[in-house]
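To start, the structure under review is shown below, and the notes come after it.
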Amino acid sequence: MKSMPFAIGVFVSSDLIGKELERIGTEQEDIFRLSYTSLEAAIAIGLQMEAEGVEAIVSRRGTAHLLRENLSIPVLSFPQSSLSTLTSIKMAADRLAGTSTEKKIFMPNFRSNISGLEMVAELLPIHFMQDVYFDSASLRRIIFAAAEQGFEIVIGGSTSMRYAEECGLKFQELLTPHESIVETLENAKSAVQASREEKATAQRYQSIMDLSSDGIFSVDATGNLTSINKKARDILGIIGLDPIQQPAAAVLNNKVVCRLLEDKKVVQEKIEKFGKELCVYNQVPLTVEGQAVGAVATFKEINTVMRAESKVRRSLTKGFSTRYTFADIIYQSPAMEHLIGLSMKLAETDSTVFVIGETGTGKELLAQSIHNAGRRRKMPFVSVHCGALPEQLLESELFGYEEGAFTGSKKGGKPGLFELAHQGTIFLDEIDSTSLNVQLRLLGVLQEKEVMRIGGEHKTPVDVRIIAAAGKNLWSVMQAGLFRKDLFFRLNVLRITIPPLRERAGDVPLLMEYFLNYHADRHGMEPYALPASYLDKLNQYPWPGNVRQIRHFAEQVQLSNSFDLGPESLDSLFDDLQQIAEVLGVGNAAQAFAETDASVVGQQGDRPAQPGEPPARLELRPEMQVEKQSRDEVILKALRENQYSKAETARELGISRTTLWRKLKEIDRRSKGKKA
């Protein structure tokens, strides 16, 4: 790639140098800007050249010194070799030949004399003197003084020539050989190329810095700013002015940060105010060979940090979405009408909701509907089935863990579900099955609104709405010491009891029709029209598995009749329903919760309700129960037919996996007792 022409300014001290430069310029594509001014008069022109794009300047030594002190572009001076100086002195002596017996030659020098020239007088028949000047005024003064001392000729540049002519002295130009001019111009081009590369590198770094969403700046050892990015300027309100090389104390206006910069220590995540914004501040000292020579610092507005955290949490919780709203709940009964109306009002608040309902009544469906009707609808909905996880796994899932917290923990740790549900809702189903240890940690999160990961040292604030659910009255569980009372009172802010299907008069036919159509559409079939006589039977059935059970029963009815298995298939399916009710000890619509333990109900007996305790709904009577042996046979038969899949067996029986697991343990215990 061909480089751009170089733009070089040259301050010419004589017509000879000017003509030489013009000749060189015609041979090259570079741009030469010539000026015949010198010393302090050259400063204004040099600044103008710099503003107009001149990239380097070449001049005599004195002018070059003054320009370097005032310009930021490279300034080079024509070299003055000993040979060219001696030649100039010899030419001056020759010009005085025959004019006087003592040839007196004067040579002014900028700021310092040239050592060794005194011996010229020993080699040539001349009287030679040097003197020092600092500007035009001092140059004029020493030339006039030399004239008063009888000196006849002055050696120098254009300004010296002008002053020599004023006082009637002869003038000899200080020669600059062609090779020196060419060499200086080449050096100027090299300096320009290096400057271009340096600027390109600086621009790349500045562009990278400006792309950052953090404010970034650096300081040198004296505390002056050496770089600052666009974001930092915006936060600090810096408009137009260039703060580079300005004291950081004046720019930042923060005494604490300035003190930290002076200390040259590592700082991480310190909260400080920049301008009008609270920011998270970090800094790292810059060191050279172990010595601190400055510091680099970053800062970010706390609001930006919080938005970024929220975005990260949302990206991690893409799977934590909801499917259901209140419009998805199928009902027409007054009991459900009242429940939905109440739930819609509760959805408008942020308070904790405690849902009580038998298995299959739709506790999660209601929880999702409440979430979707509230202000957190666009945030995550995290559902946790507490009864399905062992204690240690549940604890790590809920609260997360740090790297190395236990064997098998992920590198970098893992955020817990409470962290992922930040600003959204967490649904804790079957909360009555949690251990006392987990309950204690849950209580801490509810009280402090902070969560600490397992193996962690720092707490993370969380803003989460809690919806908890249980399948039975927690009062008896608390009385047995299996559930913390303080946690219950924390959860029991807004309580909703979902009525079982047997108490929802008129909803069974509506639900049956809905699910028959649903499964027909799902399997690409014509929906089956259930005879009215069977609808009456289903209306009287207690539905121990509630809506979940009627959904699965509707699928069985739809598939059986679509496969044309004969009229007896419907009777067989209904017989299975009755058998399940008998196994679970539910004989008709007036009987108890399918999930209620006989042992717990037995503890309640006929005692009056305690203060704050809802009255016991129902009680299993001995005459309503079938023999345990026949129950065991039905459960074991269903387990075998489902190839020992507990999930499928529980689904078929219309009970939860927790209940199935408990009943299998009871069967195993009774079986071992018989063998003994």
Side-chain angles (χ1 to χ4, degrees), residues 10-21 34-43 45-46 57-69 75-97 99-100 102-121 123-124 126-178 180-181 184:
V10 183
F11 286 86
V12 180
S13 60
S14 71
D15 291 335
L16 290 176
I17 295 178
K19 291 177 180 178
E20 182 74 10
L21 286 167
L34 305 183
S35 174
Y36 285 85
T37 55
S38 61
L39 297 177
E40 64 267 21
I43 295 174
I45 297 175
I57 287 179
V58 177
S59 70
R60 289 277 196 187
R61 187 168 68 96
T63 303
H65 273 290
L66 295 174
L67 290 174
R68 286 191 195 105
E69 294 170 353
V75 178
L76 291 82
S77 60
F78 292 117
Q80 193 63 44
S81 66
S82 299
L83 179 60
S84 63
T85 302
L86 291 173
T87 301
S88 300
I89 295 173
K90 177 66 169 61
M91 292 175 67
D94 291 344
R95 290 184 63 185
L96 295 177
T99 60
S100 63
E102 186 180 17
K103 302 172 182 178
K104 301 183 73 175
I105 301 172
F106 177 69
M107 190 171 88
N109 295 294
F110 185 76
R111 292 187 181 177
S112 64
N113 286 323
I114 301 174
S115 62
L117 284 183
E118 295 82 5
M119 63 181 298
V120 173
L123 299 174
L124 298 173
I126 62 172
H127 178 65
F128 178 77
M129 185 180 77
Q130 302 180 83
D131 202 355
V132 174
Y133 69 94
F134 300 92
D135 50 26
S136 297
S138 60
L139 175 60
R140 184 177 186 278
R141 185 173 58 254
I142 62 174
I143 289 176
F144 272 72
E148 292 176 359
Q149 296 175 38
F151 283 88
E152 304 170 81
I153 191 167
V154 176
I155 300 174
S158 58
T159 305
S160 296
M161 180 180 68
R162 186 171 70 250
Y163 293 146
E165 290 175 347
E166 281 186 34
C167 58
L169 298 181
K170 294 182 178 181
F171 175 75
Q172 172 62 49
E173 180 182 351
L174 186 61
L175 297 178
T176 303
H178 170 78
S180 296
I181 295 173
T184 305

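These values consider heavy atoms only, across backbone and side chains, with no hydrogens, waters or symmetry-generated copies. The shown structure was predicted, so the numbers you read here are calculated from the model rather than taken from an experiment.
A distance-only check finds no donor-acceptor pair linking the side chain of Lys170 to the backbone of Leu96 [under 3.5 Å]. In this structure, the side chain of Ser180 does not engage the main chain of Thr176 through any donor-acceptor pair within 3.5 Å.
Heavy-atom minimum distance, Ile142 versus Pro108: CD1-CB, 3.7 Å. The heavy-atom pair separating Ser77 from Thr184 by the smallest distance is O-CG2, 3.9 Å. Residues Ile126 and Ala93 come closest through the heavy atom pair CG2-CB, 3.7 Å. Scanning both residues, Ile57 and Leu67, for their nearest heavy atoms gives CG2-CD1, 3.6 Å.
Exactly one residue among Arg61, Gln130, Gln80 makes a side-chain hydrogen bond (donor to acceptor under 3.5 Å, both in side chains) with Asn109. That residue is Gln130.
One distance of note links OG of Ser82 with CD1 of Ile114; it measures 8.0 Å at 0.5 Å rounding. Note that CG of Leu169 and CD1 of Ile105 are 12.0 Å apart. Values are rounded to the nearest 0.5 Å. Here CZ of Phe78 is found 13.5 Å from CG of Leu175. Values are rounded to the nearest 0.5 Å. Here Arg95 contributes atom CZ and Phe171 contributes atom CZ; the two are 9.0 Å apart, rounded to the nearest 0.5 Å. Rounded to the nearest 0.5 Å, atoms CE (Met91) and CD (Glu173) are 8.5 Å apart. From Leu34, atom CG reaches atom CZ of Phe11 across 10.0 Å, with rounding to the nearest 0.5 Å.
Under the side chain to side chain contact (heavy atoms under 4.5 Å, CB included) criterion, Asp94 pairs with Lys90, not counting sequence neighbours. When the side chain to side chain donor-acceptor pair (under 3.5 Å) test is applied to Arg68, no partner is found at least two apart in sequence or on another chain.
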Which atom pairs, donor and acceptor, lie under 3.5 Å between side-chain atoms of residues 153-168 and protein residues at least two apart or in another chain?
| unit_1 | atom_1 | unit_2 | atom_2 | d |
| --- | --- | --- | --- | --- |
| Thr159 | OG1 | Ser38 | OG | 2.2 |
| Glu166 | OE1 | Arg140 | NE | 3.3 |
| Glu166 | OE1 | Arg140 | NH2 | 3.2 |

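Taking the six-membered ring for Trp and the full ring otherwise, Tyr133 and Phe110 have centroids separated by under 6.0 Å.
Leu174 places a side-chain heavy atom less than 4.5 Å from the side chain of Arg60. Annotation: side chain of Leu39 is in contact with side chain of Leu66 (closest heavy-atom distance under 4.5 Å).
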